[in-house]
Each structure stands twice: as C-alpha cells, then as structure tokens.
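First up is the structure itself, then whatever we jot down about it.
To find a chain, count down the sequence lines: A is the first, B the second, and so on, and within it residues start at 1.
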Protein chains: 2
Amino acid sequence: MITKAPYRDSHGRRLSDYPQPSVAVDAAVLTVHDGALHVVLVQNDTGWRLPGTFVHEGETLAQAVLRSLRDKAGIEGLQPRQLHVFDEPDRDDRGWVISVAHLVVVPESSVTGAELTSVDAADGLVYDHATIIQLAVDTLRADYRASPDPEGLLGSEFTLLELLRLHEAIAGERLGKDTFRRHMIGQLVETDTYQHGVVGKPAKLYRRA
Amino acid sequence: MITKAPYRDSHGRRLSDYPQPSVAVDAAVLTVHDGALHVVLVQNDTGWRLPGTFVHEGETLAQAVLRSLRDKAGIEGLQPRQLHVFDEPDRDDRGWVISVAHLVVVPESSVTGAELTSVDAADGLVYDHATIIQLAVDTLRADYRASPDPEGLLGSEFTLLELLRLHEAIAGERLGKDTFRRHMIGQLVETDTYQHGVVGKPAKLYRRA
DNA sequence: TGCAAATAGATCACTTCTGATCAAATAGGA
DNA sequence: TCCTATTTGATCAGAAGTGATCTATTTGCA
C-alpha cells in the first residue's frame with residue numbers, strides 16, 4: 001500500500017502504476033581520531049562498505065540514515081547532510097536503485113564499537129563508496145574553512161590550541177598558528193575563564209558565536 | 001515490469017514488493033539576461049513553478065532534467081547539477097514523491113521562447129521552488145568565485161571587461177576592476193589577438209585555461 | 001626552591017594585496 | 001583633421017595580512 005490518496009492522473013493511473021526505483025541511503029560517518037579524519041566502515045557479504053539502508057515509507061532520507069547508523073554501527077548520529085545522488089540505472093544488479101550519499105559528522109565518543117578507518121586508507125570499497133568518502137571529506141573541509149566549529153565537535157568552551165588541532169586533523173595538514181588565531185578570534189566569543197592544569201601560560205577559553 | 005533480474009531477498013521478495021517512492025526532478029535554469037541572473041519558470045494549473053518531471057525507468061536524473069527542459073520549455077540544456085533532494089514524505093498530496101532539485105546554466109541564446117524572471121523577483125512559487133532557486137544562485141555564485149567561466153557562458157575568446165560584466169551579473173554586485181583583472185589573469189591564457197571595433201584601447205582576448 | 005620546557009598572546013618587520021592614478025590607444029563626432 | 005570620450009593596462013602608495021620573534025605565565029622535575 002503505497003498511497004492512500006485517491007489521486008489518479010489523466011490516464012486514470014496512480015503514481016505507483018508507473019515504474020518506481022528503490023531509494024537507498026549511504027552515509028560516510030566521519031570523526032576525528034588520533035589527530036586525523038576517520039570513516040566508519042561495515043562489512044557485509046560483498047565486502048567493506050559504508051553503512052546504508054533502503055528508505056522506508058513515511059520516512060525522510062535523514063531518518064533512514066540515522067536508523068541505518070543505529071542498526072548497523074550502533075551510532076547515534078546527529079544531522080545527516082546530503083552529498084550526491086547516485087543514479088545510474090544499472091548501478092545495482094538487484095534492480096533499479098538510486099542511492100543518496102550522506103555525510104554525518106560525530107565526535108569520537110559516539111562511535112565506540114564501530115570500525116574506524118583512516119580516510120586516506122579507505123579503498124577497495126563496493127560501489128562508489130570511495131568517491132562518497134572523498135566527497136564527504138571535501139565537504140567537511142570546506143565547512144571548517146568557513147566556520148570555526150560548525151559540527152560542534154569541540155564542547156561548548158575550548159582553547160584556540162584545541163581548535164587548531166581540530167582544524168589540522170580535518171584539513172590533513174599543519175596550519176600556521178598566528179594566522180589561525182587571527183582568523184578565528186573574530187568568529188568566536190571570548191569568555192572570562194582560562195584553562196588550567198596544563199603546562200604553559202593559561203589559555204583563554206572561547207565559545208562558538 | 002520494474003526489474004528483469006531474478007533477485008529475491010531473504011524473504012523471497014523482489015525490490016518492487018516493498019513500497020517505493022516516485023522520483024521527480026526539478027530544475028532551476030539560470031541565465032544572464034540584461035546584466036542580471038534570471039530563472040526559467042513555467043506555468044501549470046497550480047501556478048508558477050520550475051520545470052520538472054518524473055524520472056522514467058532506465059533514465060538518469062540528468063537525462064530526466066534534459067527531457068523536461070526540452071518538453072516543457074523548449075530548452076537544450078547542458079550539464080544539470082544536483083542541488084538537493086526534497087524528501088518530506090507528505091510533500092506531495094498525490095503520494096510518496098521525492099524530488100531532486102537541479103541547477104542548469106545556459107547562455108541566453110538557448111532560452112528563446114521560455115519565460116524569464118529575475119531571480120530577485122521570483123516568489124509565490126509552488127512547493128520549495130523558491131528555496132531551490134536560492135540554492136541554485138548560491139551554487140552558481142560559488143562556482144564563479146572559484147573559476148573564471150566554469151559554465152562556458154562566454155564564447156571561446158573574450159576580453160576581461162566581458163568577463164567582468166558576466167561576473168557582476170552573476171554576483172549581483174559591482175566588482176573592483178583592478179583586483180578582478182589580477183585574479184583572473186592567472187587563470188586564463190592570453191591570445192595574441194585584440195578586440196577591435198569598440199571605443200577605447202583595444203583589449204587583449206583571453207581563453208579559458 | 002629554582003630551573004627547564006611548554007604555551008599564550010603581543011609586537012614587529014616584511015610581504016602581499018588593493019584601489020587610485022595615469023599614460024597609451026582607439027572610435028566617433030565636430 | 002583634431003579633439004573628446006572611452007577603455008586598457010601599468011605603476012604607485014597605502015592598507016592589510018603573514019610568519020618570526022619575544023615576553024609572560026604556567027607545570028613538572030631536579
């Protein structure tokens with residue numbers, strides 16, 4: 001029962017009387033682990049792949065992604081973002097399937113138990129999943145170039161050094177600390193508290209704007 | 001006949017035995033007209049909207065977009081680019097329909113006959129079509145910030161002034177000519193020919209890199 | 001306690017970028 | 001023919017940005 005609506009087109013047919021594709025979602029779940037970007041992979045009978053599922057009726061794509069992460073990788077994700085629709089009609093030999101690739105960014109604490117692979121070492125995946133990872137990484141990098149911590153990976157208060165380390169992990173390269181400080185300070189609100197308990201001059205704590 | 005493949009899942013069901021959505025495409029066709037960005041709108045019984053259609057079996061999304069433009073607006077498009085999937089299950093009262101929004105950029109000469117509306121004046125549209133236009137404009141602007149003429153709107157050879165006017169039309173604001181020149185020159189190849197027949201010192205003609 | 005290592009953040013010289021100015025080159029009209 | 005308006009593209013001075021240096025402040029260890 002696909003639709004309860006009494007809709008009929010000019011030929012007296014319902015939408016479901018025409019061929020329809022199955023719609024799947026796949027998610028590149030990225031996290032920062034050990035100073036570098038990692039992606040969550042799962043294994044099924046065909047090899048390593050990104051977690052994914054078919055979209056159920058009455059469900060949005062984002063809901064399908066979150067369900068998939070919960071069921072296949074034990075992850076509580078937050079806000080899936082669409083990356084691309086893979087639509088080659090003969091992409092899947094089970095039939096007509098289009099797949100919507102997503103990016104999900106989570107703090108490392110949310111992915112305990114799942115299999116993490118460095119994004120540089122992720123190859124030999126099924127379908128277009130290596131492409132999806134590349135798209136996801138590029139998107140995440142663009143986000144962090146434009147804003148200090150759009151995905152909220154750092155708690156509510158943090159030092160500029162913590163933010164720098166995060167950006168270096170995401171960018172995959174070292175960033176100049178002086179320029180970084182100057183660019184970030186204008187986009188953050190400073191608190192009147194300082195970090196203590198670590199070696200060095202205490203660093204001011206900042207908050208997202 | 002959705003699939004000829006003998007695939008059955010572990011419950012003995014084919015993909016088409018599960019509920020599937022109809023998949024539609026909508027396209028924001030942008031062009032530069034009279035020094036400003038315009039979008040192609042079509043009118044049906046529910047009001048003004050972007051051209052769109054349901055995706056047929058065996059067809060990619062891009063093919064569906066191009067078919068829609070040919071049939072509904074008499075436009076020969078080039079390379080549709082995906083923008084976003086609109087997926088609210090009750091978005092369409094005819095049933096479960098997900099819609100993939102696209103951006104198509106064409107030179108003004110390709111849209112003779114279609115109804116052009118300034119992107120600033122496009123409102124009162126059905127569904128999320130105003131949002132799609134905004135997404136399309138933002139995407140196009142980002143493209144032209146990164147590259148001189150990624151959509152090939154200018155012929156193969158052009159002057160820096162022609163390129164500047166194009167960028168101003170797309171950006172929707174005036175751009176400094178000196179900085180513009182400096183940024184662009186490095187991304188173009190100069191020819192040894194000059195523009196003639198217009199007032200002023202002859203301008204060197206450039207080509208895309 | 002005192003010294004070494006580490007970090008924060010200010011300051012400085014240097015580089016790069018920007019918009020303004022100006023000379024060169026052309027078309028069109030007086 | 002000559003003068004004016006217009007545009008190109010180079011040059012220049014000032015603004016903005018960059019990485020290096022230096023000082024202040026803390027922890028950890030001898």
Protein-to-nucleotide contact annotation, 5' to 3' order, nucleotides 19-30 of chain D [B base; S sugar-phosphate only; - none; under 4.0 Å, heavy atom]: BB---BBBB---
B:Phe180 atom CZ is separated from D:dA10 atom P, nearest whole Å, by 16 Å
Is it the case that the side chain of A:Lys72 and the backbone of A:Gly52 share a donor-acceptor pair, with hydrogens and angles ignored and the cut-off at 3.5 Å? yes
Return the value, rounded to whole Å, for the distance between atom CE of B:Met184 and atom P of C:dC17. 15 Å
A:Leu160 has a side chain; which of C:dT18, C:dG9, D:dT8 sits nearest to it? C:dG9
Between B:Arg181 and D:dT8, is there a contact of a side-chain N or O with OP1 or OP2 at under 4.0 Å? no
Send over the distance from B:Leu164 CG to D:dG9 P, rounded to a whole Å. 13 Å
Expressed as a whole number of angstroms, how long is the span from A:Glu190:CD to C:dA8:C1'? 13 Å
Residues that A:His167 engages under ring pair (Phe, Tyr, Trp, His ring centres under 6.0 Å), provided they are two or more places apart: A:Tyr144, A:Phe180
Distance, rounded to the nearest Å, where B:Glu162 contributes CD and D:dT7 contributes C1': 13 Å
Distance-only, no hydrogens or angles: does the B:Gln187 side chain make a donor-acceptor pair with backbone N or O of B:His183 under 3.5 Å? yes
Could you state the atom-to-atom distance from CG of B:Leu161 to P of C:dA27 in whole Å? 16 Å
Rounded to whole Å, the CZ-C1' distance (A:Arg165 to C:dT7) equals 10 Å
Answer with yes or no whether the side chains of A:Gln195 and A:Thr159 bring together a donor and an acceptor at under 3.5 Å. no
Pair B:Thr139, B:Arg81: side-chain N/O donor-acceptor within cut-off below 3.5 Å: no
Distance in angstrom units between B:Leu188 CG and D:dG9 P, rounded: 12 Å
For the residue pair B:Thr31 / B:Glu108, report whether a side-chain donor-acceptor contact shorter than 3.5 Å exists. no
